[in-house]
Amino acid sequence: MTQTTDWWRTAVIYQVYPRSFADSNGDGIGDLPGITARLPHLKDLGVDAIWLSPFMTSPQHDAGYDVADYCDVDPLFGTLADFDAMRDAAHGLGLKVIIDLVPNHSSSDHHWFQEALTAGPGSEERARYIFREGKGELGELPPNNWDSVFGGPAWTRITEQDGTPGPWYLHLFDTSQPDFDWTNEWVHEQFRGILRFWLERGVDGFRVDVAHGLVKVDGLPDYTPAPGGSMGGDTSDAPYWAQPGVHEIYRDWHKVLAEFGPDRILTAEAWVNPLSKLTDWVRPDEMQQAFNFGYLETPWAAAPLRKVVDASITEFSKVGAPSTWVLSNHDVIRHTSRLALVPPPLQGSGIGPDTEPKPDDAVGLRRARAATAFMLALPGSAYIYQGEELGLPEAIDLPDSARQDPTFFRTGGELYGRDGCRVPIPWEADSPASGFSPTGSSWLPQPKSWPLYARDAQVGVPGSTLEFYRDALALRHEHDLGAGDIDWLTFDDPDVIGFTSGAVTVIANTGAGTVELPAGRIALCSGEAGDGKLPGDTTVWILTAG
Ligand code: NOJ
């Protein structure tokens, strides 16, 4: 076993999506006091840390990823005092607290951007963001051909104070999310201040949004993705993704975090391929972790899983960083539904009432539990997205009128977007909104099936998904699997993959057939394994020694 001291190398980190976690005041939107009240459940689940998606002041055009004040709490979610109470409660339970930092863009409501609009051309205020003159005789065409990740052009033209048409500003995401100009030292200074503000408030780290996007190629050249690619895709040649200049920013931030001791972390949300390039984000003087989206995107099949796990462990260890593992988050179709779809829909596209074929819930849940059992045995740090411990599927039947993801609107409804994985989660089967909100209100409608998945319907029920997650997390800790070294096993059946990690043998059957199991005590099974046989879409952990 590798000796580790840094908590984040092996931690299981639970993503709280605040607006959908627990609503304390009955407005149908989750909030910080709601989180505080439910923290004991997360402790009981067995996670080490929580990561909160943004709860800062925001007009909520992109569910809080459009920040209008980086150093305050949006009244929807509570107050700074509520944050402090939540942090104290988490720390009191031994849970670390990671918050989201959104440095690629602010909200267009941020006073920095509003000042940029009023201050006019050539001003210091305008230099905070990326304004450019348009093309065409009258500047009526966007400065280049970039599209927004959410669809439609990545540029919006402004009107100057005197009513004349002005330049355009860049927004890689929604119109309401203007990109900062990271060639401007002023921007760097503001973000150092924001980091220190939250570090002084006791946060244990930051998940850095769009960590591959802050720096754009000089001159902002046109870009045409390769056939089959997309503007928003993680292509390595896009002039706005993965530019070398971003690394100077993270080296600088690394030093800022170090002012507060050795335990605070930065985690990159960087959709970067290949893995050997992604690991640049976690070199010793940069961030501590990067999300392994290559793993998330790997199909439920033995050969690709083996390949991605091998590549991850090899590449991350070259820079002395742990690999991370993740299957779901607030941007992708929940893996309970995604793994039932072969091939899976494109990232960000979502599924909805008109999607065909629809995922089979039973197949999806079986595969999801098997995939989770495989993931939680791997060495490194793992992320869990709220609700996956309940086996929640993607909410498919959301009416168009309820949808809120800008992707849905910016593609004219062509893509459903990400609302289906963001529906408020169920706690108590017989309570209003399944315990999410005391009034029964819910910002996205909960599917009729939600009470079946409620936490109280699963707690103490052998074989429930919740108890399966609790068992897996307890065993992972007991056997220190996060710090393990894995040795692959070989199987005749190409659908089977397995390894040993210390005393634990992990075998996953990704196919439909039945497989003979080796001798040993089954410590964890994602489904049913009787008579020494492992059915399809099932993973077991077997104790072979001791
Ligand atoms: C990534 C976040 O996870 C996503 O939810 C958001 O829409 C974009 N970044 C833009 O901030």
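As the structure is a prediction and not an experimental result, all values here were calculated from the model. Hydrogens, waters and symmetry mates play no part in the numbers below; they use all other heavy atoms, side chains included. First listed ligand is number 1; within each ligand, the first listed atom is number 1.
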What protein heavy atom is closest to atom 7 (O) of ligand 1, reported as residue, atom name and distance in Å?
Asp62 OD2, 2.6 Å
Which of parallel (below 30°), tilted (30 to 60°) and perpendicular (above 60°) describes Tyr129 and Phe113?
perpendicular
Out of all atoms in ligand 1, which are within 4.0 Å of some heavy atom of His105? Include the element for each.
10 (C), 11 (O)
Identity and separation of the nearest protein heavy atom to atom 11 (O) of ligand 1
Asp209 OD2, 2.7 Å
Under 6.0 Å from the CG atom of Asp218, do we count more than 12 heavy atoms belonging to anything else shown?
no
Evaluation steps, side-chain hydrogen bond (donor to acceptor under 3.5 Å, both in side chains), between Glu388 and Thr336:
CA-CA 8 Å; Glu388 68 171 80; Thr336 306; over 6 Å; no
Face-on cation placement of Arg132 at Trp155 ring, 6.0 Å and 45° thresholds:
no
Top protein contact for atom 5 (O) of ligand 1, by heavy-atom distance
Asp331 OD1, 2.7 Å
Which heavy atom of the protein is the closest neighbour of atom 8 (C) of ligand 1, given with residue, atom name and distance?
Phe173 CE2, 3.8 Å
For ligand 1, does Arg422 get within less than 4.0 Å through its side chain, its backbone, both, or neither, judged by non-hydrogen atoms?
side chain
Within ligand 1, which atoms have a heavy atom of Glu269 less than 4.0 Å away?
1 (C), 3 (O)
Could you tell me which atoms of ligand 1, counted from 1 in the order shown, lie closer than 4.0 angstrom to a heavy atom of Phe150?
7 (O)
Might you confirm whether atom CD of Glu124 has over 12 heavy atoms from other residues, nucleotides or ligands at distances under 6.0 Å?
no
Within 4.0 Å of some non-hydrogen atom of Arg418, the atoms of ligand 1 are 4 (C), 5 (O), 6 (C), 7 (O)
Hey, is His61 one of the residues with a heavy atom under 4.0 angstrom from ligand 1?
no
Considering only NZ, NE, NH1 and NH2 on the basic side and carboxylate oxygens on the acidic side, decide whether Arg422 and Asp331 come within less than 4.0 Å.
yes
Non-hydrogen atoms of Arg207 versus ligand 1: any pair closer than 4.0 Å?
yes
Look at the aromatic rings of Tyr70 and Trp112 and report parallel, tilted or perpendicular, splitting at 30° and 60°.
parallel
Output for pair (Lys96 NZ, Arg87 CZ), nearest 0.5 Å, gives 13.5 Å
Proximal ligand 1 atoms for Val210, defined as those under 4.0 Å from one of its heavy atoms
9 (N)
